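Notes follow the structure.
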Amino acid sequence: MALVVQKYGGSSVSDARSIKRVAKRIAEARRAGNDVVVVVSAMGDTTDELLDLAGEISPKPPQREMDILLTAGERISMSLLAMAIDKLGVKAKSFTGQQAGLLTDAVHGKARIVDVVPHRIRQTLSKGQVAIVAGFQGVSTSNDVTTLGRGGSDTTAVALAAGLDADVCEIYTDVDGIFSADPRIVPGARKIDRVTYEEMLELAASGAKVLALRAVEYARRYGVPVHVRSSFSGKTGTLVAGTHGDLIDPNASTGEQEEAMEDPIISGVAHDSSEAKITVVGVPDTLGQAARIFEVVAGAGANIDMIVQNVSVAATGRTDISFTLPHGDVRSTVAALNAVKSELKFDELQIDDEIGKVSLVGAGMKSHPGISARLFGALRDAGINIEMISTSEIRISVVTRADNLDDAVRAIHTAFGLDSSEGEAVVYAGTGR
């Protein structure tokens with residue numbers, strides 16, 4: 001008998017028919033002798049519809065009330081799913097995030113989990129029942145309902161898996177696993193059978209939507225194996241676990257193992273069109289200016305991704321600093337910087353919201369300079385200009401024009417031989433979440 005945590009995204013429970021299909025899969029897992037905990041997202045586009053509805057009421061609604069509103073979507077789907085499972089002859093009980101023991105900090109809209117106390121979930125499992133938990137939500141230390149931000153149901157599932165010491169956390173989506181690129185852009189993308197936590201972190205941080213970044217961080221911290229698969233098929237998906245060294249054949253010779261550790265393994269190409277670029281023009285090139293700028297940015301609550309500082313112009317002693325950040329953080333960041341313009345003495349702010357980021361991710365890339373040359377050459381041959389570059393040990397990211405992003409993904413994917421020979425990937429529904 002295994003303890004399995006399953007998570008189903010909005011596209012998997014988009015309507016009554018889909019909920020019945022998912023209920024059948026859950027019932028089969030329970031009848032096979034497994035203890036089953038299920039985390040469910042809101043149905044289809046429910047969350048977006050609630051956001052639109054709130055926008056019609058108020059241009060800036062209180063965030064606490066927004067959290068109460070948005071958690072309604074998951075509560076609807078969890079109760080309907082429990083009903084569908086019960087109809088199949090398997091007992092199930094639904095729980096809100098608060099009832100499930102998911103404790104968070106008090107930051108409304110993007111709360112972080114601080115503890116998991118799943119007493120009621122354990123009691124339910126001990127009775128042979130399936131526990132259904134509303135994803136994306138918890139309760140703060142001040143006893144207020146909170147939400148975990150986009151992708152929060154993934155984080156809920158992994159956190160519960162860690163808290164319950166589950167054997168595996170299965171993330172069900174509308175594709176058959178993790179692919180070498182978004183199959184909606186690259187139909188010939190190949191499915192990856194296994195990927196390390198580090199590589200998945202880079203893919204998620206670079207825009208891959210199949211798993212939420214915070215869920216991967218949580219899984220790595222607590223060693224939770226994550227199995228990404230489709231709720232629309234019975235195919236084996238992608239296992240996220242371990243490190244690059246775990247993928248080496250233990251029966252190989254020492255020399256072969258060392259060579260395998262050194263070889264670059266290209267996992268995939270990720271892209272992100274959700275960022276904008278702010279350029280602080282004419283910054284005095286003096287000690288501490290960059291620090292002060294990013295102190296202001298941090299105070300505005302912005303998450304910075306890439307940063308580039310130009311060489312100072314000798315005649316003026318001034319420079320430009322550019323950085324990328326989520327679209328949603330632009331307004332508050334610009335307001336915060338303009339509020340201290342006289343202190344920082346910069347000339348102006350330039351905002352560019354028509355950029356896209358594409359990233360190549362794989363282990364062992366840092367020691368292979370040919371990787372960068374091939375990537376840049378692929379973009380050159382496709383006629384795509386590079387505006388910013390950022391690297392890590394297992395990732396190379398470039399910023400280009402948003403309207404060139406899809407072409408950039410396809411060019412890089414082909415240049416590194418990632419195209420599948422097994423036909424096109426199947427996208428069953430929705431957006432991959």
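Please read all numbers here as calculations on a predicted model, not as lab measurements.
- No donor-acceptor distance shorter than 3.5 angstrom exists from the side chain of D105 to the backbone of A111, with no hydrogens or angles considered.
- Counting only distance, with no hydrogens or angles, the side chain of T155 and the backbone of R214 share no donor-acceptor pair below 3.5 Å.
- Under the salt bridge (Lys or Arg N to Asp or Glu O under 4.0 Å) criterion, D407 pairs with R410, sequence neighbours left out.
- For E199 (side chain) and A363 (main-chain N/O), a donor-acceptor pair under 3.5 Å exists by modelled atom type.
- For the pair I321/V308, no side-chain contact is recorded, criterion being any heavy-atom separation below 4.5 Å from C-beta on.
- Proximity of a side-chain donor or acceptor of T279 to a complementary backbone N or O of V281 within less than 3.5 Å is not detected.
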Test R401 against D403 for salt bridge (charged side-chain N to carboxylate O under 4.0 Å, His left out), laying out the working first. CA-CA 6 Å; R401 291 288 88 200; D403 55 8; over 6 Å; no
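- Counting heavy atoms from C-beta outward, V186 and D419 have side chains that approach closer than 4.5 Å.
- With contacts defined as side-chain heavy-atom distances shorter than 4.5 Å, the pair D352/Q350 does not qualify.
- Between S233 and D176, the side chains place a donor N or O and an acceptor N or O closer than 3.5 Å (distance only, hydrogens not considered).
- A29 and N34 get closest at one heavy-atom pair: O-ND2, 3.1 Å.
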The test is side chain to side chain contact (heavy atoms under 4.5 Å, CB included); show your working for L379 and I412 and say whether it passes. CA-CA 7 Å; L379 295 177; I412 294 172; 4.0 Å; yes
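- No donor-acceptor pair closer than 3.5 Å links the side chain of S12 to the backbone N or O of Y8.
- The main-chain N or O of D154 is never found under 3.5 Å from a side-chain atom of Y218 such that the two would form a donor-acceptor pair.
- A donor-acceptor pair shorter than 3.5 Å cannot be found between the side chains of T96 and Q137.
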Verdict with supporting geometry, R374 and D381, salt bridge (charged side-chain N to carboxylate O under 4.0 Å, His left out): CA-CA 10 Å; R374 194 190 307 181; D381 294 344; over 6 Å; no
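- Atom CG in L325 sits 8.5 Å away from atom CG in N303 (nearest 0.5 Å).
- Remark: R17 does not engage D15 in a salt bridge, criterion side-chain N to carboxylate O under 4.0 Å.
- Within the 4.5 Å cutoff, the side chain of V399 has no heavy atoms near those of the I386 side chain.
- In plain terms, the two heavy atoms of H227 and V168 that are nearest each other are CB-CG2, 4.0 Å.
- Separating the SG atom in C169 from the CG atom in L164 is a distance of 10.5 Å, to the nearest 0.5 Å.
- For the pair R190 and F179, the cation-pi criterion (under 6.0 Å, within 45° of the ring axis) is not fulfilled.
- Judged by distance alone, with hydrogens and angles left aside, the side-chain atoms of K341 form a donor-acceptor pair with the main-chain N or O of D347 at under 3.5 Å.
- Salt bridge K7/E170: absent, no basic N to carboxylate O contact under 4.0 Å.
- A donor and an acceptor atom, one from each side chain of S359 and H271, are nowhere located under 3.5 Å apart.
- Atom CZ of R31 sits in a crowded spot, with more than 12 heavy atoms from other residues, nucleotides or ligands closer than 6.0 Å.
- Legend: side chain to side chain donor-acceptor pair (under 3.5 Å) pairs involving residues 70-93, not counting sequence neighbours: none detected.
- The side-chain heavy atoms of V224 and V5, taken from C-beta on, include no pair separated by under 4.5 Å.
- With D320 contributing its side chain and G282 its backbone, the two residues share a donor-acceptor pair below 3.5 Å.
- The minimum heavy-atom distance between V39 and A157, with the atom names listed, is CG2-CA, 3.8 Å.
- For the pair R21 and F232, the cation-pi criterion (under 6.0 Å, within 45° of the ring axis) is fulfilled.
- Looking at S390, its side chain never comes within 3.5 Å of a backbone N or O of M306 through a donor-acceptor pair.
- Judged purely by distance below 3.5 Å, without hydrogens or angles, the side chains of T104 and T146 pair a donor atom with an acceptor atom.
- Of the N and O atoms on the side chains of D353 and H327, not one donor lies less than 3.5 Å from an acceptor on the other residue.
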Please lay out, stage by stage, how E295 and R292 fare under the test salt bridge (charged side-chain N to carboxylate O under 4.0 Å, His left out). CA-CA 5 Å; E295 285 172 356; R292 181 62 185 128; 3.5 Å; yes
Assess whether side chain to side chain contact (heavy atoms under 4.5 Å, CB included) is satisfied between V133 and V40, documenting all intermediate values. CA-CA 6 Å; V133 179; V40 64; over 6 Å; no
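- Environment of CZ in R331: sparse, with no more than 12 heavy atoms of neighbouring residues, nucleotides or ligands closer than 6.0 Å.
- In this structure, Q63 CD and L69 CG are separated by 10.5 Å, a value rounded to the nearest 0.5 Å.
- Checking side-chain atoms of T400 against main-chain N and O of N404 turns up no donor-acceptor pair under 3.5 Å.
- Remark: R220 CZ to L201 CG distance equals 4.5 Å, nearest 0.5 Å.
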Set out, in order, the CA-CA distance, both residues' side-chain angles and the distance that settles side chain to side chain contact (heavy atoms under 4.5 Å, CB included) for L405 and V358, then state yes or no. CA-CA 7 Å; L405 190 56; V358 59; 4.1 Å; yes
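- To the nearest 0.5 Å, atoms NZ (K357) and NZ (K277) are separated by 14.0 Å.
- F323 and F294 have perpendicular rings, their planes meeting at more than 60° on a 0 to 90° scale where under 30° would count as parallel.
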Would you list the atom pairs, donor with acceptor, under 3.5 Å between side chains in residues 45-61 and any protein atom, with sequence neighbours excluded?
| residue | atom | partner | partner atom | Å |
| --- | --- | --- | --- | --- |
| T46 | OG1 | M43 | O | 2.5 |
| D48 | OD1 | R150 | NH2 | 2.4 |
| S58 | OG | K60 | N | 3.3 |

Checking side chain to side chain contact (heavy atoms under 4.5 Å, CB included) for the pair F346/I293: CA distance, chi angles, key distance, verdict? CA-CA 10 Å; F346 61 83; I293 286 173; 5.8 Å; no
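- In this structure, the separation between NZ on K235 and OG1 on T238 is 12.0 Å, given to the nearest 0.5 Å.
- Side-chain atoms of D67 and T147 include a donor-acceptor pair closer than 3.5 Å.
- Side-chain contact between V398 and M388 is absent, with no heavy atoms from C-beta onward closer than 4.5 Å.
- Between the side chains of R122 and T124, no donor-acceptor pair of N or O atoms lies under 3.5 Å.
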